[in-house]
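Everything below concerns the one structure shown next.
To find a chain, count down the sequence lines: A is the first, B the second, and so on, and within it residues start at 1. The basis for the numbers below is simple: all heavy atoms, side chains too, and nothing from hydrogens, waters or symmetry mates.
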2 protein chains.
Amino acid sequence: MSNRPPTLDEVAQRAGVSTGTASRVINNAQHVSKKARQAVERAVEELGYVPNVAGRSLASQRRGAVVLAISSDDPALFANLFFAEVITGVNAVIEETDLQLMLVLAASERGRDRLARILQSRSADGVMLLALRENDPLSKLADESGVPVVHGGRSLDRTPQWYVDADNRGGARQAVEHLIGVGRQRIATITGQLDLHVGVNRYLGYREALALAGLSDARVAHGDFGEASGAAGMTRLLDEHPDLDAVFVASDAMAAGALRVLHERGRAVPEDIAVVGFNDVVTAQHTQPRLTTVHQPIEALGREMTRMLVRLINGERPTPLILPTELVIRDSA
Amino acid sequence: MSNRPPTLDEVAQRAGVSTGTASRVINNAQHVSKKARQAVERAVEELGYVPNVAGRSLASQRRGAVVLAISSDDPALFANLFFAEVITGVNAVIEETDLQLMLVLAASERGRDRLARILQSRSADGVMLLALRENDPLSKLADESGVPVVHGGRSLDRTPQWYVDADNRGGARQAVEHLIGVGRQRIATITGQLDLHVGVNRYLGYREALALAGLSDARVAHGDFGEASGAAGMTRLLDEHPDLDAVFVASDAMAAGALRVLHERGRAVPEDIAVVGFNDVVTAQHTQPRLTTVHQPIEALGREMTRMLVRLINGERPTPLILPTELVIRDSA
DNA sequence: TACAGTCCTGTAAGCGCTTCCAATTTCGCC
DNA sequence: GGCGAAATTGGAAGCGCTTACAGGACTGTA
């Protein structure tokens, strides 16, 4: 439709200055006279000039873009608002900068290749890596690339240098302490995978709270965060520890499964058995009874990851961050 | 960490050919001897060469990136899986190309400015515009920019040249026909905003179905797609048309509100009054009773928008697309 | 053998910008 | 008024790549 967009040279010419000066103005560098600045600003205005990103990036060796990579295809990530919330948080910070946001779904092989290439060719100024698998080769690649990388969450195999994580351990402890606070004594747990950082830490939080209260932490079933495993775990717990009066479940999906089993077995929740979940997904509000659970600060995660990345890009050295979780008390405990 | 990534010149040198030839190889252009091709490919391999996007884009006048812009901050968009699904669809197609995906949340003023600048500076090869407001100035800007633009959904004020939309009218008609099919005769509707394309078209679908069946379409309450307005609408309908035996509600959120009112008023669903919603959001599975509703093909929307955009970028002239919706029958009708 | 046509290749001119350098101007102060 | 320092400027060299263009090597045919 319209013609080629105006170039810096044209702006400079119109303003009666050199390209160098024009460039200084639009990057508001110092050493520019008020007169020159105004002339250039006027020309920019009149011409509707917008800098060409490619030219700038080639000359400056900066890309003007960061990537948000989600490297898991765990349906659970997509089955709730995780996505929307992270992006909302990321976007809020991005908007304050003049960086662009690139999105890479690095779950598939192609997606992972893509991310690898971005890293290798340094075609982004920074990368946020979310939901990395354990022992993910991308992690090493990211390290070696020389591109600033912020991780969302941690893995067991190695703690990244810069990360933002939710306080899974603290959240779990808080949940269990709540159960203790309302008088429960025989508190079980259904864990997530114990080869995942979240799985381990929520379990540790459970044990910690019980240890502090001098209660037994021996009522344990292991699950995989999925609903079916929650049901199975609950069944096992009821069989092995018929006396239990509360259960801390390491995910809402498993908690939903557990509630189903409890209902089938005729155990009243929370009267007979109190239940607390983890994550605060949408469906937690729709279980019967409504699920008391630990809310994850997803949006804040996105926000803080981005802040950290921006700092890193600016040459600062931020410290890792662990974000507090919050217990949302509903009806199940 | 590592040094500057290798350049094309270095690859060419190592392969013993000129940069021109090396460039032809990595863009697999024609007129390259098998020998030269192999030599370059080997050098690329050995050096771990990845083309520099900025250089390429500057020289080729192509950006290698498209943007997905979501220009509404309607909480409903974020309150369900809309986001995740669209992006999944978009990503699936993007992965088959070598385009990058840039995300712009253009709800805020800053976001809109950003998008405007991208359009003006042609810093993307194409744009997907989702959830544009009525009379949105971005729409005109996009047209004039000379950048290929695909719209998701339509607006009343103007039909974009290239768009993908869900068949709101057909979906509504299908929903109402279902109600007729199960023997309902006095079918009401709660509409969405009638200054929105979706609002109008779902309403038209309702009227169409009734007209075809020779039934009255006079039982109408107007809402705004939100839950509260659904409750209000239902209340009004019950007062004005106590004889109604079914209601087609233009969104699941409003349907949830309507169900609540029906419950309070002691009307059994679906026995006394059948209810059909629209959108098939997650919560539709958790209402009491579970909501029969029209499912929107969100992922397909993302996919088809992207396909269309890619065609446009390749110089083809695709035709607009209207995607079929699907009635999901649960318990409320 | 000569000649037109094809293929292949190297050369070099930018794409639009930043930034270094050196030249020029201005300023503060004795 | 004169001096050094600081501020401001223009010029030009790239950043890494694509893409005419022109020339050289080959092919097939007469």
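When the side-chain nitrogen and oxygen atoms of A:Ser60 are compared with OP1 and OP2 of C:dT18, none of them lie within a distance under 4.0 Å. In this model, the phosphate group of C:dT9 is approached by a side-chain N or O of B:Ser33 to a distance below 4.0 Å at OP1 or OP2. Between A:Thr21 and D:dG10, a side-chain N or O to OP1/OP2 separation shorter than 4.0 Å is present. Taking side-chain N and O atoms only, A:Ser18 has a distance below 4.0 Å to OP1 or OP2 of D:dG10.
Heavy-atom minimum distance, B:Leu68 versus B:Val90: CD2-CG2, 4.3 Å. In terms of heavy-atom proximity, B:Val147 sits nearest to B:Leu119 at CG2-O, 3.9 Å. Nearest approach of B:Leu138 to B:Ser71, heavy atoms of both residues: CD1-CB, 4.4 Å.
Taken from CG in B:Leu101 to CD1 in B:Ile94, the straight-line distance is 5.5 Å, to the nearest 0.5 Å. With rounding to the nearest 0.5 Å, the separation of CZ in A:Arg154 from CG in A:Leu156 is 10.0 Å. Atom OG1 of B:Thr319 sits about 11.0 Å away from atom CH2 of B:Trp162, to the nearest 0.5 Å. We find the CZ-CZ distance between B:Arg307 and B:Arg311 to be 7.0 Å, quoted to the nearest 0.5 Å.
The nearest whole Å value for the distance from the CG atom in B:Leu8 to the P atom in C:dT11 is 15 Å. Atom-to-atom, NZ of A:Lys35 to C1' of D:dA7 comes out at 15 Å; the value is rounded to the nearest Å. Atom NE2 of B:His31 and atom P of D:dA20 are 12 Å apart (whole Å). Summarising the geometry, the separation between CZ on B:Arg4 and C1' on D:dC15 is reported as 10 Å, rounded to the nearest angstrom. Residue A:Lys34 contributes atom NZ, which lies 13 Å from atom P of D:dT9 at whole-angstrom precision. C:dG16 atom C1' lies 15 Å from atom CZ of A:Arg62, rounded to whole Å. As a whole-Å value, the separation of B:Gln13 CD from C:dG10 P is 13 Å. In this structure, CZ of A:Arg63 is placed 10 Å from P of D:dC17, rounded to the nearest angstrom.
Heavy-atom distances under 4.0 Å link DNA chain D to A:Leu58, A:Ala59 of residues 38-59 of chain A, given in residue order.
By the side chain to side chain donor-acceptor pair (under 3.5 Å) test, B:Ser155 is found to be paired with B:Asp157, residues two or more places apart in sequence or in another chain being considered.
Toward the 5′ end of DNA chain C lies the nearest nucleotide of B:Gly20, the other residue of the pair A:Ala22 and B:Gly20 mapping further downstream.
With the 3.5 Å cutoff on both pairing distances, Watson-Crick and G-U pairs in DNA chain D assemble into runs of at least 3 at C:1-30 with D:1-30.
Put simply, the side chain of A:Arg24 and the base of D:dG10 share a donor and an acceptor less than 3.5 Å apart.
If you check every strand for non-hydrogen atoms under 4.0 Å, B:Ser23 touches a base. Backbone-only contact: B:Gln61 has heavy atoms under 4.0 Å from sugar-phosphate atoms and none from a base. Across all strands shown, B:Ala29 has no heavy atoms under 4.0 Å from either base or sugar-phosphate atoms.
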Discussion item. Working note: B:Met102 + A:Leu103, criterion side chain to side chain contact (heavy atoms under 4.5 Å, CB included); need CA distance, chi angles, decisive distance, verdict.
Written reply: CA-CA 6 Å; B:Met102 286 165 35; A:Leu103 193 66; over 6 Å; no

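By the 4.0 Å N-to-carboxylate-O rule, B:Asp143 lies close enough to B:Arg158 to be salt-bridged with it.
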